[in-house]
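Atoms within each ligand, like the ligands themselves, are counted from 1 in listed order.
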Amino acid sequence: MKRNKVIAGNWKLHKSNTEAQQLANQIKIRSTDIKNTDIILCPPFTALTVIYDVVKDSAIGLGAQNMYWEKSGAFTGEINAEMIKSTGAGYVIIGHSERRQYFAETDETVNKKIKAALDEGLKPIVCVGESLDQRETGITAQIIETQVTGALAGLNEQQMAEIIIAYEPVWAIGTGKTASPEQAQEVHAQIRSLVNKQFGDAVSENIRIQYGGSVKAENAEILLSQPDIDGALVGGACLKAETFLPIIQAAEKL
Ligand code: 13P
């Protein structure tokens with residue numbers, strides 16, 4: 001089963017609008033030869049419209065990093081799916097481990113956000129991953145199962161076609177420690193089989209599962225050539241065109 005690779009950059013809390021515009025421009029200009037790999041930029045909310053203006057005439061996709069599930073109301077500081085859609089974005093990262101860790105997101109809130117995103121026609125990039133402590137105590141598979149089934153509860157096959165899953169072991173995020181290709185592949189295969197159990201062959205064969213956690217030019221190819229790794233969700237290395245483009249090129253070669 002050949003699935004197009006998908007490389008997304010999670011800019012996290014970085015880039016003013018001027019910097020964002022410059023970076024998006026560089027990525028656009030230098031990725032015109034990329035044909036088989038999907039590129040998605042996920043800047044802060046404040047830069048979404050600015051970047052949409054840069055990428056709207058290209059194949060580069062745009063995503064937000066979070067959203068709230070309510071449609072409107074007295075929720076100071078929150079952003080809903082419709083607002084994200086109105087910037088031109090087509091994707092939204094949901095349940096990143098930093099949101100789970102620092103902003104008390106749970107499998108239940110992740111599930112609500114996914115449903116609200118889908119209702120508005122946004123494609124969710126759903127993040128799961130175990131902590132170092134959980135890996136060391138040997139409960140990785142259990143944690144992944146809980147997070148995946150919790151996130152996807154109540155979805156149908158049609159909705160699943162819109163979803164990307166990102167496996168990001170928390171201990172590999174921003175630490176320079178990457179999961180070995182074998183460690184990552186093992187969890188990716190588990191995620192695909194969980195999706196298979198719940199939604200069947202067609203959905204599990206088509207769903208794209210990204211790896212995230214210290215992905216860089218040096219390790220991209222070996223990670224992306226694993227059978228169940230269909231892309232990368234990149235943090236630190238996506239903040240400069242020089243470090244992000246080689247990851248995209250590695251995916252394109254495979
Ligand atoms: P790093 O690539 O900086 O480890 O971040 C990964 C990540 O959290 C992407 O969402």
CD1 of Ile247 to OG1 of Thr37: how many Å apart, nearest 0.5 Å?
12.0 Å

Numbered atoms of ligand 1 (with element) below 4.0 Å of Gly236, judged on heavy atoms:
1 (P), 2 (O), 3 (O)

Out of the candidates Glu98, His96, Glu78, Lys113, only one should pair with Asn66 under the side-chain hydrogen bond (donor to acceptor under 3.5 Å, both in side chains) rule; please name it.
Lys113

Check the side chains of Glu130 and Trp171 for a donor-acceptor pair under 3.5 angstrom, ignoring hydrogens and angles.
yes

Check: Gln65/Tyr91 side-chain N/O donor and acceptor closer than 3.5 Å
no

Between His96 and ligand 1, does any nitrogen or oxygen pair lie at a separation below 3.5 Å?
yes

Check the angle between the aromatic planes of Tyr211 and His188 and answer parallel, tilted or perpendicular using the 30° and 60° thresholds.
tilted

May I ask you to list the atoms of ligand 1 that are less than 4.0 angstrom from any heavy atom of Gly213?
4 (O), 6 (C)

Residue pair Ser131 / Gln134, side-chain donor-acceptor N/O under 3.5 Å
yes

Counting from 1, what ligand 1 atoms have a heavy atom of Ser214 closer than 4.0 Å?
1 (P), 2 (O), 4 (O)

Glu168: numbered ligand 1 atoms lying under 4.0 Å from its heavy atoms:
6 (C), 7 (C), 8 (O), 9 (C), 10 (O)

Specify the protein heavy atom at minimum distance from atom 2 (O) of ligand 1: its residue, its atom name, and the distance to 0.1 Å.
Gly235 N, 2.9 Å

Measuring from non-hydrogen atoms of Lys12 to any atom of ligand 1, is the shortest distance under 4.0 Å?
yes

Out of all atoms in ligand 1, which are within 4.0 Å of some heavy atom of Ala172? Include the element for each.
4 (O)

With heavy atoms and a 4.0 Å threshold, my read on which part of Asn10 contacts ligand 1 is side chain

In ligand 1, the atoms that come under 4.0 Å of a heavy atom of Gly174 are 1 (P), 3 (O), 4 (O)

With a 4.0 Å cut-off, would you call Glu221 and Lys253 a salt bridge?
yes

